[in-house]
Amino acid sequence: MYTLPPLLVQALKRRRNPWNWLIQIFAVLLLCMALWATSTALYSTGLILLGSSLFELHLPEMQTKKIWKLMRLERTWLESPATKRKKLQILALMFLVALLFYSLAVHDLALLLLAIGGFVLFATEAAQHSRLAE
């Protein structure tokens, strides 16, 4: 039976901590800004943030319920079985991520807005589907 490497198991545990989850999201946003601005300072700051999100942070309990709700949505989507619908969603996300990085690299605002609109559409569809499933 295949078991996950210990570092990956530890990273997945950190992903379920709301503070680490937020730091990872901010780090990815910072890396996107670095790609648009071609700034090495932003690159290094984003990579440092991404690396620090893998450590266990001893911070006070987060009181915001919205973060917990978003984390629960992500967890239920990740733990759901691999249906045809989920495989199409994964393909759509891969295409949107590639489009996002390409638009940031070539500084094309129209493609960037198209990618952001695709992410918004994907999030809206996922939220609607989770409401219908309840």
Side-chain angles (χ1 to χ4, degrees):
M1 177 171 196
Y2 178 74
T3 58
L4 293 173
L7 187 60
L8 183 60
V9 170
Q10 192 176 25
L12 289 174
K13 266 192 235 174
R14 301 294 179 266
R15 181 75 178 159
R16 294 186 179 188
N17 181 347
W19 290 107
N20 294 76
W21 192 79
L22 277 177
I23 290 173
Q24 289 171 3
I25 289 175
F26 287 134
V28 168
L29 289 175
L30 198 61
L31 288 172
C32 287
M33 287 181 2
L35 190 57
W36 180 268
T38 58
S39 168
T40 54
L42 284 177
Y43 278 127
S44 58
T45 306
L47 289 175
I48 289 170
L49 266 179
L50 202 57
S52 68
S53 70
L54 297 176
F55 293 108
E56 188 164 355
L57 303 175
H58 299 289
L59 296 171
E61 188 70 27
M62 187 172 289
Q63 302 299 323
T64 308
K65 301 295 181 201
K66 292 233 180 220
I67 303 295
W68 287 103
K69 184 179 178 184
L70 289 172
M71 287 177 63
R72 188 172 48 247
L73 280 173
E74 180 191 38
R75 192 175 310 130
T76 55
W77 186 82
L78 287 173
E79 292 172 352
S80 67
T83 61
K84 184 177 180 180
R85 181 179 185 278
K86 186 174 179 180
K87 290 176 186 176
L88 286 173
Q89 286 177 337
I90 290 171
L91 282 175
L93 278 175
M94 288 172 45
F95 173 74
L96 286 172
V97 166
L99 182 65
L100 175 73
F101 285 129
Y102 177 74
S103 65
L104 288 171
V106 299
H107 303 273
D108 191 349
L109 189 58
L111 281 178
L112 178 64
L113 292 175
L114 183 67
I116 291 172
F119 282 117
V120 169
L121 184 64
F122 179 82
T124 305
E125 188 270 336
Q128 183 68 22
H129 186 267
S130 69
R131 282 190 200 119
L132 292 175
E134 289 177 352

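Heavy-atom basis, side chains included; hydrogens, waters and symmetry copies ignored. Quick caveat, the model's predicted, so the values are computed rather than measured.
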Identify the residue among L49, V28, L54 that makes a side chain to side chain contact (heavy atoms under 4.5 Å, CB included) with I23.
L49

Tell me the closest heavy-atom pair linking G46 and A27, and the distance in Å.
O-CB, 3.6 Å

Shared hydrophobic cluster for I48 and L22 (ILVMFWY, side-chain gaps under 4.5 Å)
no

Would you compute the distance between atom OG of S52 and atom CG of L47 and round it to the nearest 0.5 angstrom?
10.5 Å

Compare every heavy atom of A82 with every heavy atom of K87, then report the nearest pair and how far apart it is.
CE-O, 3.9 Å

Pairwise distance CG(N20) to CG(L50) - rounded to 0.5 angstrom:
11.0 Å

Got a second to check how far T45's OG1 is from L31's CG, nearest 0.5 Å?
9.5 Å

Only distances under 3.5 Å count here; give the side-chain donor-acceptor pairs of residues 96-104 to other protein atoms, sequence neighbours excluded, each with its distance to 0.1 Å.
| from | atom 1 | to | atom 2 | distance (Å) |
| --- | --- | --- | --- | --- |
| S103 | OG | L99 | O | 3.1 |
| S103 | OG | L100 | O | 2.8 |

Anything under 3.5 Å between a donor and an acceptor, one on a side chain of residues 113-122, the other on a protein residue two or more places apart or in another chain? List them.
none

